[in-house]
Asks: 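Dropping a structure here in structure tokens format, bear with me for questions.
Quick caveat: nothing in here was measured; it's all calculated off a predicted structure. Quick note: residue numbers are just sequence positions, from 1. Every heavy atom of this structure was used, including side-chain atoms; hydrogens, water molecules and symmetry mates were not.
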Amino acid sequence: INESTAILNAVSVYPNPANNFISINYNFRENQKAFFHLFSSTGQKIISKTLNAKKKTQNINTSALSSGIYFWKVEIQNQVPQNGKIILLK
């Protein structure tokens with residue numbers, strides 16, 4: 001993977017800790033499909049969203065979720081998935 005590809009496919013999820021929403025910043029080619037998944041600490045998939053390449057940022061409503069540790073994964077077509085941990089404090 002070259003440096004320009006790494007920058008193109010960079011993903012950030014914030015704020016951390018979060019409360020009623022999280023934001024996803026991303027940058028990928030318009031011809032690629034991409035998905036955001038949020039999992040509980042037990043591995044249950046709670047949220048799945050298709051990411052729009054033209055937007056570059058998407059907000060996810062987490063107001064219905066309880067406080068705790070959650071894990072996220074962003075899958076971009078033909079790329080290694082990116083993942084991380086986010087804490088919700090209510």
Side-chain angles (χ1 to χ4, degrees):
I1 203 167
N2 63 39
E3 188 174 323
S4 62
T5 302
I7 292 169
L8 179 65
N9 294 319
V11 174
S12 61
V13 178
Y14 62 91
N16 196 4
N19 188 347
N20 292 320
F21 74 93
I22 54 177
S23 295
I24 310 157
N25 275 2
Y26 50 86
N27 188 13
F28 57 91
R29 293 183 182 89
E30 288 186 28
N31 64 344
Q32 291 177 300
K33 293 181 181 178
F35 304 94
F36 171 83
H37 307 288
L38 189 68
F39 300 90
S40 70
S41 59
T42 60
Q44 179 184 6
K45 189 183 293 184
I46 297 172
I47 296 174
S48 286
K49 297 281 184 182
T50 300
L51 301 178
N52 183 334
K54 293 180 182 179
K55 283 187 173 182
K56 309 291 185 212
T57 300
Q58 190 162 335
N59 293 326
I60 306 290
N61 185 339
T62 58
S63 61
L65 301 178
S66 301
S67 293
I69 297 172
Y70 294 82
F71 299 92
W72 59 266
K73 177 163 61 170
V74 173
E75 297 176 303
I76 299 172
Q77 183 180 7
N78 300 322
Q79 302 294 325
V80 175
Q82 298 181 50
N83 51 60
K85 174 174 64 173
I86 194 153
I87 298 169
L88 297 183
L89 296 177
K90 303 295 179 137

Asks: Roughly how far, to the nearest 0.5 Å, is the NZ atom of K49 from the CG atom of N59?
Replies: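 Taking CG in N59 and NZ in K49, the distance rounds to 11.0 Å.
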Asks: State the CD1-CG distance between I86 and N16, to the nearest 0.5 angstrom.
Replies: 4.5 Å
Asks: When rounded to the nearest 0.5 angstrom, what is the spacing between CD1 in I87 and OG in S41?
Replies: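 These two atoms lie 11.5 Å from each other.
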Asks: Could you label the plane-to-plane angle of the H37 and F39 rings as parallel, tilted or perpendicular, counting under 30° as parallel and over 60° as perpendicular?
Replies: tilted
Asks: Is the count of non-hydrogen atoms from other residues, nucleotides or ligands lying under 6.0 Å from K33 atom NZ greater than 12?
Replies: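 Count not over threshold, so no.
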Asks: Can you confirm whether N83 sits close enough to F71 that some side-chain heavy atom of one is under 4.5 Å from a side-chain heavy atom of the other?
Replies: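 They are not in side-chain contact.
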Asks: Do F36 and I22 have side chains that approach each other closer than 4.5 Å (heavy atoms only, starting at C-beta)?
Replies: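 Yes. Closest side-chain heavy atoms under 4.5 Å.
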Asks: Of all residues at least two apart in sequence or in a different chain, which pass the side chain to side chain donor-acceptor pair (under 3.5 Å) check with T57?
Replies: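 In terms of side chain to side chain donor-acceptor pair (under 3.5 Å), with neighbours along the sequence ignored, T57 is linked to N25.
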Asks: Within a reach of under 6.0 Å around NZ of K90, are more than 12 heavy atoms found that belong to other residues, nucleotides or ligands?
Replies: yes
Asks: Counting C-beta onward and ignoring hydrogens, is there a side-chain heavy-atom pair between W72 and V11 closer than 4.5 Å?
Replies: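 Sidechains of V11 and W72: in contact.
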Asks: Among residues at least two apart in sequence or on other chains, which ones pass salt bridge (charged side-chain N to carboxylate O under 4.0 Å, His left out) with K73?
Replies: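 K73 satisfies salt bridge (charged side-chain N to carboxylate O under 4.0 Å, His left out) with E75 once adjacent residues are dropped.
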Asks: Distance check, rounded to the nearest 0.5 Å: N20 atom CG versus L65 atom CG?
Replies: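 Answer for the CG-CG pair, N20 versus L65, is 9.5 Å.
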Asks: With distance as the sole test, does T62 use its side chain to make a donor-acceptor pair with the main-chain N or O of F21 at under 3.5 Å?
Replies: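 Confirmed, T62 side chain pairs with F21 backbone.
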Asks: Other residues, nucleotides and ligands only: do more than 12 of their heavy atoms fall within 6.0 Å of OH on Y14?
Replies: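 Yes, because the 6.0 Å sphere around OH of Y14 holds more than 12 heavy atoms from other groups.
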Asks: Considering only heavy atoms from C-beta outward, does the side chain of V74 approach that of Y26 to under 4.5 Å?
Replies: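 They are not in side-chain contact.
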Asks: Can you tell me how far NZ of K55 sits from CD1 of I24, rounded to the nearest 0.5 angstrom?
Replies: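 The CD1 atom of I24 sits 10.5 Å away from the NZ atom of K55.
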Asks: With a 4.5 Å limit on heavy-atom distance, are the side chains of I60 and I47 in contact?
Replies: yes
Asks: Rounded to the nearest 0.5 Å, what's the gap from OH on Y70 to CD1 on I46? Could you check?
Replies: 5.0 Å
Asks: Using a 4.5 Å cut-off on heavy atoms from C-beta on, say whether the side chain of F28 contacts that of Q77.
Replies: no
